[in-house]
Amino acid sequence: MKLTGVGASEGVAVGPAFVPATGRPEPERTSISEGEVDQELQRFRGAVEAVVGKISQTIDALRTSGDEDEAGIFEFHVEMAEDPELASAVGGRVKNLQSPEAAVLAAGEEYAADFAAMDDEYMSARADDVRDVTGQISAELMGLATSGFEALQVPSVVLAQSLAPSDTARIPKGMALAFVTAEGSRTSHVSIMARSMGIPAVVGVGPNLEEALGAKSVAVDGDNGSAITDPDEDTLARFERASEDLAEERAALDEYRHVEASTSDGRRIEVAANLGSASEAEDALEWGAEGVGLFRTEFLFMQRDELPSEDEQYEAYSAVARTFGDRPVIVRTLDVGGDKNLPGIDQIHEDNPFLGWRGIRMSLDTPRLFKPQLRAILRAAARGNVRVMFPMVADVGELRAAKQMLQEVREELEAEGTEIGEVETGVMIETPAAAVCAIELAKESAFFSVGTNDLVQYTLAADRGNERLRRLQSADHPAVLALIRQTCEAAGGAGIPVGVCGEAAGEPAMIPKLVALGVTELSMGAPAIPRAKKVVSEI
Ligand code: PEP
Ligand code: MG
């Protein structure tokens, strides 16, 4: 069958389908009849065995690749699945005529609550493991996919309802050939990730995805936004040709990788990379990045169960700074909330998370998060040309508070005698309020970077991940362009530069418009850099 959605990351790919089990399964039945008890108990034991078998395969694979720590976590999953107390709790519930798929979830929830209540941070974090394992057993009982991303060991096309940043972060390197999701738009994080990984993505295919979940293989066309399940010979041949054409096109762009792009009237436009992790830095240089226009630090916080220490953050930021040498590296402080949740931080339920406690709002309220990050950034600044940038700023008061915290941390580090470097401080212009207050913000900032992904969603009141709102998900809208113009004028008045680090920066049709408005730096997923330089050179 053919699925149609948004081509969110270019390229074509064909490979086996992989459907991750994300979230908690919904029990199909909650109760059973008296006559079914024995048979259901037997099915429960079979499901435990099957899940243990799958987890054991993952453990073996992790051991083979030397990943002992991860393997240890999965050992715990096995222990949990085989725990006699869990078996007896489920047994009791099934004898009371609860379905085993519901019983194992309910018993798991009780266990998880016990773990969560423990004082020891490590033990309380195990609550999620318990939920994970009992969720897998329940899914197994219902014949649903049970493997998490850790089980992805063959390069595959990932099919999912949606993919949160914490999901994509868990995919083993090189194992995703393409993404196909029911939800999402060009600026959803799954699309951003696909573009920086250089793999095709088709998002927003809607409810039809359900029917495709049983496919064995999938051919994905990220240019025209379609995916074909179980492709026939003709389709495969067509995809092979498309893949060759793409390789040729990319080769033709190679000559632009390392040019310094200027418009024909001599305006120099810096083309930089957006990074999600330090490991992307070398590749970004190879694509021709002249700096890092946006280092999204939140991924460092999301790939794990506990928060990264100051030292770990320092290692990551300074590794990128060293790789880029004199070239600027803009480290954006933590931007969680919205569709990005953080393990270890109590994020209460919000009806409108994109309008909620995210970005600089959360950082200012949580010094135990913000201060170690600022310390790590100042320390990394001694290793290269590091700048700091605050996300989701809505007024000058937030900027001042953030700069005040930066100053406090600087004084602490100086008093300790720790080596630090100078950092310029910039603001993301991604709320309409920031664009409207740009004159005030410009007086106290060293640079601006326009986050068009959020600026579009907040200006047009259109959720960036909602596939029904495609018409309203482009920066090419008079209201958004007016705000960018206002931002550039304010920056021009204060003599500070304006970059764009939202996805519009890498879109060939948008580049001439942004440059005409006064933008002098464009930052994007690294594989898009050579084409952006070509587009700039042709203006
Ligand atoms: C943006 O909003 O344009 C941006 C670059 O930030 P993020 O996509 O991480 O929200
Ligand atoms: Mg943003």
Side-chain angles (χ1 to χ4, degrees), residues 8-9 163-166 168-169 184-197 201 203 272-277 280 291-302 329-342 353-363 387-394 398 426-435 447-466 472-477 480-481 483-484 487 498-507 510-511 514 519 521-526 528 532:
S9 179
L163 288 168
S166 52
T168 50
S185 69
R186 263 191 73 78
T187 59
S188 306
H189 277 269
V190 55
S191 310
I192 294 172
M193 283 306 289
R195 287 196 288 275
S196 65
M197 290 158 86
V203 303
N274 291 350
L275 301 188
S277 77
E280 295 167 24
V292 175
L294 169 65
F295 184 3
R296 288 186 167 96
T297 57
E298 49 276 6
F299 294 102
L300 191 64
F301 288 68
M302 291 188 303
V329 173
I330 301 179
V331 180
R332 176 177 74 181
T333 60
L334 195 56
D335 183 19
V336 286
D339 65 347
K340 296 176 271 192
N341 285 329
L342 197 59
F354 274 118
L355 303 180
W357 196 54
R358 63 171 292 201
I360 196 67
R361 304 167 183 184
M362 179 198 270
S363 292
R387 300 174 185 176
V388 63
M389 173 162 83
F390 304 119
M392 288 295 298
V393 169
E398 288 172 338
V427 172
M428 280 196 81
I429 304 294
E430 56 181 346
T431 65
F447 62 91
F448 282 159
S449 185
V450 183
T452 47
N453 307 339
D454 279 317
L455 189 60
V456 169
Q457 89 163 338
Y458 296 127
T459 305
L460 305 182
D463 180 338
R464 64 196 259 181
N466 186 331
L472 294 169
Q473 283 161 345
S474 164
D476 196 6
H477 183 288
V480 178
L481 295 174
L483 289 175
I484 300 176
T487 303
V498 181
V500 174
C501 61
E503 297 309 303
E507 291 170 8
M510 281 306 296
I511 292 173
L514 296 172
V519 166
E521 185 229 35
L522 299 165
S523 191
M524 62 203 67

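Counting convention: from 1, in listed order, for ligands and their atoms alike.
The Mg ion (ligand 2) is closest to atom OE1 of Glu430 (considering only N, O or S atoms).
A search for salt bridge (charged side-chain N to carboxylate O under 4.0 Å, His left out) contacts involving Glu507 returns Arg186, not counting sequence neighbours. Checked against side chain to side chain contact (heavy atoms under 4.5 Å, CB included), Ala272 has the following partners two or more places apart in sequence or in another chain: Glu521, Ser523.
For the side chain to side chain contact (heavy atoms under 4.5 Å, CB included) criterion with Val500, the lone passing option out of Ile511, Ile429, Leu514 is Leu514. Checking each of Val331, Leu294, Asp335 against Met389 for a side chain to side chain contact (heavy atoms under 4.5 Å, CB included) leaves exactly one that passes, namely Leu294.
Each of the following atoms of ligand 1 lies closer than 4.0 Å to a heavy atom of Met428: 4 (C), 5 (C), 6 (O). Of all the atoms in ligand 1, the ones that sit under 4.0 Å from a non-hydrogen atom of Leu294 are 5 (C).
With a cut-off of 2.8 Å, the Mg ion (ligand 2) has an N, O or S atom of Asp454 in range.
Assignment of Glu503 to the shell around ligand 1 is not supported, since no heavy atom sits closer than 4.0 Å. Within the 4.0 Å heavy-atom shell around ligand 1 one finds Ile192. In this structure, Gln457 does not count as a contact residue of ligand 1, since none of its heavy atoms falls inside 4.0 Å of the ligand.
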Does the side-chain contact (heavy atoms from CB on, under 4.5 Å) test come out yes or no for Val336 and Met362, once each step is laid out? CA-CA 8 Å; Val336 286; Met362 179 198 270; 3.2 Å; yes

Trace of the side-chain contact (heavy atoms from CB on, under 4.5 Å) decision for Arg332 with Glu298: CA-CA 9 Å; Arg332 176 177 74 181; Glu298 49 276 6; 2.5 Å; yes

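Between the side chain of Gln457 and the backbone N or O of Gly465 there is no donor-acceptor pair closer than 3.5 Å. Without hydrogens or angle criteria, Arg296 side chain to Asn274 main chain gives no donor-acceptor distance under 3.5 Å.
When non-hydrogen atoms are compared, ligand 1 lies under 4.0 Å from the side chain of Arg332 (C-beta onward) but not from its backbone.
Checking only distances, Glu298 never comes within under 3.5 Å of ligand 1, N or O to N or O.
With Glu430, Met524, Arg296, Arg358 as candidates, the residue nearest to atom 2 (O) of ligand 1 on a non-hydrogen basis is Glu430. Looking at Pro391, Ser523, Cys501, it is Cys501 that brings a heavy atom closest to atom 5 (C) of ligand 1.
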